[in-house]
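For this chain, numbers begin at 1 and follow the sequence in order.
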Amino acid sequence: AKVRNRLEHQARIPLYNGSLPNGDRGRRKSRFALCRRPKASGVKPSTVHVACTPQAAKAISNKDQHSISYTLSRAQTVVVEYTHDSNTDMFQIGRSTESPIDFVVTDTVPGSQQSHGGEGQTQTQSIQSTISRFACRIICQRSPPYTARIYAAGFDSSKNIFLGEKAAKWRTQDGQMDGLTTNGVLVMHPRHGFTQDSKPGVWREISVCGKVFTLRETRSAQQRGKMVESESQELVDGSLIDLCGATLLWRTAEGLSRTPTVKHLEALRQELNAGRPQCPVGFNTLAFPSLRRKEILDEKQPWAYLRCGHVHGYHAWGGQGREPEDEVVEVGRERECPMCRTRGPYVPLWLGCEAGFYLDAAPPTHAFSPCGHVCSEKTAAFWSQIPLPHGTHTFHAACPFCVHQLAGESGYLRLIFQGPLD
């Protein structure tokens with residue numbers, strides 16, 4: 001919300017809790033604001049060239065305009081030319097660092113166990129990326145209500161999109177072409193918006209031309225799902241966009257105006273610390289570290305047992321079969337809570353710092369399990385119900401601040417703080 005009054009929308013990546021591990025730089029950042037461009041950059045389909053050879057298609061595509069090529073066979077390619085649209089702006093998202101990409105994303109690895117280079121840099125990653133280099137494009141109206149629509153695939157540096165022989169593609173009833181990208185672009189619109197009453201929607205796949213389909217049997221299957229004509233590719237506040245390796249949360253300007261700011265989260269942190277919560281065993285005062293130090297363990301850091309919710313300071317005992325002097329800081333190992341004797345994972349608590357993930361401005365009273373990220377009850381309840389795509393085949397609920405798969409009966413729990421005795 002820092003981008004003056006020209007801000008229309010924002011896209012944010014669950015995992016990074018406010019910023020990338022090495023900081024937000026250039027086009028590679030944890031949130032991206034879409035503003036009206038000085039000059040319209042949108043495009044819309046125009047001329048269709050049918051039944052031409054790949055060589056002829058290449059000649060057409062080399063013109064100084066956008067086009068999408070659908071290769072049907074070695075002897076036949078359909079090329080759809082796109083013309084300038086003065087009423088819209090286009091924003092592109094993908095793994096590529098080439099200039100047509102406005103928002104560079106890399107694969108999301110739970111717990112931030114990932115390398116990030118600066119713009120134009122690549123660092124060795126232990127996993128092969130499943131995100132397309134030119135994953136998707138978002139077309140926004142330049143005038144109110146600034147409607148935003150999403151489409152699979154983005155134009156490359158030659159202003160082309162190529163769907164090869166193996167890509168899922170088809171002719172529509174009106175004779176036009178459409179298709180899907182290899183791993184697809186999935187979208188889920190929450191029911192009742194991104195509010196305290198939000199409920200999960202249904203994941204759908206978006207085609208190259210923006211049509212809505214049910215999911216394929218597997219992420220990269222050749223057979224498309226069924227078209228859902230009653231649904232739209234129009235993004236709403238709280239829409240989730242999955243690129244098979246990274247998930248984006250879409251927030252509108254109106255929605256952000258109702259969302260707590262980082263300053264509000266800092267005030268909640270200070271208010272929580274002002275209550276002087278104490279370790280019920282050591283009686284030392286606990287305090288959440290500042291949002292800037294969100295990944296550095298502090299000696300006053302609150303820790304919690306994730307079965308019962310009792311909050312303590314760190315103590316080097318309670319593990320089974322170890323002497324206290326042999327104990328090392330081992331996050332997540334099961335211990336016995338000295339208050340209620342319940343055994344469970346023992347982890348440090350961290351405040352969720354990405355304000356855009358919050359559904360309300362209520363105090364941070366609940367923690368996700370097993371990671372220990374803390375937020376409001378409504379926020380925890382919402383995200384614990386959201387099945388986020390994982391890999392190419394599965395879905396599971398995850399903490400939005402670190403993308404660890406949630407565990408336990410509900411995936412989150414209420415924290416039990418002890419106030420000062422004086």
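Here the closest heavy-atom approach between residue Ser69 and residue Val79 is recorded as OG-CG2, 3.8 Å. Here the closest heavy-atom approach between residue Asn160 and residue Ser67 is recorded as ND2-OG, 2.9 Å. Across all their heavy atoms, Cys375 and Phe368 have their closest contact at SG-CE1, 3.6 Å. Closest non-hydrogen pair, Asp89 versus Cys35, comes out as OD2-O, 4.4 Å. Scanning all heavy atoms of the two residues, the minimum distance from Val80 to Pro45 falls at CG1-CB, 4.1 Å.
At least one donor-acceptor pair closer than 3.5 Å links the side chain of Ser132 to the backbone N or O of Phe134. A donor-acceptor pair under 3.5 Å is formed between the side chain of Arg191 and the backbone N or O of Pro200. A donor-acceptor distance shorter than 3.5 angstrom exists from the side chain of Asn183 to the backbone of Thr130, with no hydrogens or angles considered. Of the possible polar contacts, none joining the Arg149 side chain to the Ile139 backbone as a donor-acceptor pair under 3.5 Å is found. Side chain of Arg142 to main chain of Arg37: a donor-acceptor pair is present (N/O by atom type, distance under 3.5 Å, no hydrogens or angles). Between the Arg137 side chain and the Ala152 main chain, a donor and an acceptor come within less than 3.5 Å of each other. Using a distance-only test at 3.5 Å, with no hydrogens or angles considered, a donor-acceptor pair links the side chain of Ser46 to the main chain of Glu81. At least one donor-acceptor pair closer than 3.5 Å links the side chain of Thr379 to the backbone N or O of Leu359. A donor-acceptor pair is defined here as one N or O able to donate and one able to accept, closer than 3.5 Å; no such pair exists between the side chain of Arg335 and the backbone of Tyr346. Under the 3.5 Å distance criterion, the side-chain polar atoms of Gln301 are matched with a main-chain donor or acceptor of Leu349.
Evaluation of the salt bridge (charged side-chain N to carboxylate O under 4.0 Å, His left out) test over residues 382-407, restricted to residues two or more places apart or in two chains, returns none.
Partner Cys136 forms a side chain to side chain contact (heavy atoms under 4.5 Å, CB included) with one of Leu248, Val185, Val208 and no other, that one being Val185.
Taking the side chain as every heavy atom from C-beta outward, Leu240 and Leu249 approach each other to under 4.5 Å. Side chains of Val48 and Gln176 form a contact here, defined as non-hydrogen atoms less than 4.5 Å apart. Taking the side chain as every heavy atom from C-beta outward, Val311 and Gln418 never approach each other to under 4.5 Å. Looking at heavy atoms from C-beta onward, Glu231 lies in side-chain contact with Arg204 at the 4.5 angstrom threshold. Ile161 is not listed as a side-chain neighbour of Asp156, based on a closest heavy-atom distance of 4.5 Å or more. For the pair Gln65/Thr47, no side-chain contact is recorded, criterion being any heavy-atom separation below 4.5 Å from C-beta on. In this structure, Phe417 and Leu286 have side chains that are not in contact, with every pair of non-hydrogen atoms separated by 4.5 Å or more. By the 4.5 Å heavy-atom criterion applied to side chains, Trp350 and Phe401 are not counted as neighbours.
Ring pair Phe91/Trp250: centre-to-centre distance not below 6.0 Å.
Between the side chains of Asp174 and Thr172, at least one donor-acceptor pair of N or O atoms lies under 3.5 Å.
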Verdict with reasoning, Glu266 to Lys263, per salt bridge (Lys or Arg N to Asp or Glu O under 4.0 Å) = CA-CA 5 Å; Glu266 174 62 18; Lys263 286 185 177 180; over 6 Å; no
request  = Please step through side-chain hydrogen bond (donor to acceptor under 3.5 Å, both in side chains) for the pair Ser129 and Arg95, ending with a clear verdict.
outcome  = CA-CA 9 Å; Ser129 179; Arg95 178 169 49 88; 3.2 Å; yes
inquiry  = Please evaluate residues Arg224 and Glu205 with respect to the criterion salt bridge (Lys or Arg N to Asp or Glu O under 4.0 Å), reporting the C-alpha separation (whole Å), side-chain torsions for both, the decisive distance (0.1 Å), and the verdict.
reply    = CA-CA 9 Å; Arg224 70 180 187 269; Glu205 180 163 10; over 6 Å; no
message = Asp237 vs Arg251, test: salt bridge (Lys or Arg N to Asp or Glu O under 4.0 Å). Steps then yes/no.
response = CA-CA 5 Å; Asp237 191 39; Arg251 298 303 313 270; 2.7 Å; yes
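Counting non-hydrogen atoms of other residues, nucleotides and ligands closer than 6.0 Å to CD of Glu165 gives a total above 12. Shown here is Lys169, whose NZ atom has more than 12 heavy atoms of other residues, nucleotides or ligands within 6.0 Å.
Under the 30°/60° scheme for interplanar angles, the aromatic rings of Tyr412 and His366 are found to be tilted. Between Trp383 and Phe357, the ring planes are perpendicular. Angles over 60° get that label, and only those under 30° would be called parallel.
Legend: residues meeting side-chain hydrogen bond (donor to acceptor under 3.5 Å, both in side chains) with His189, ordered by chain and number and at least two apart, are Ser239.
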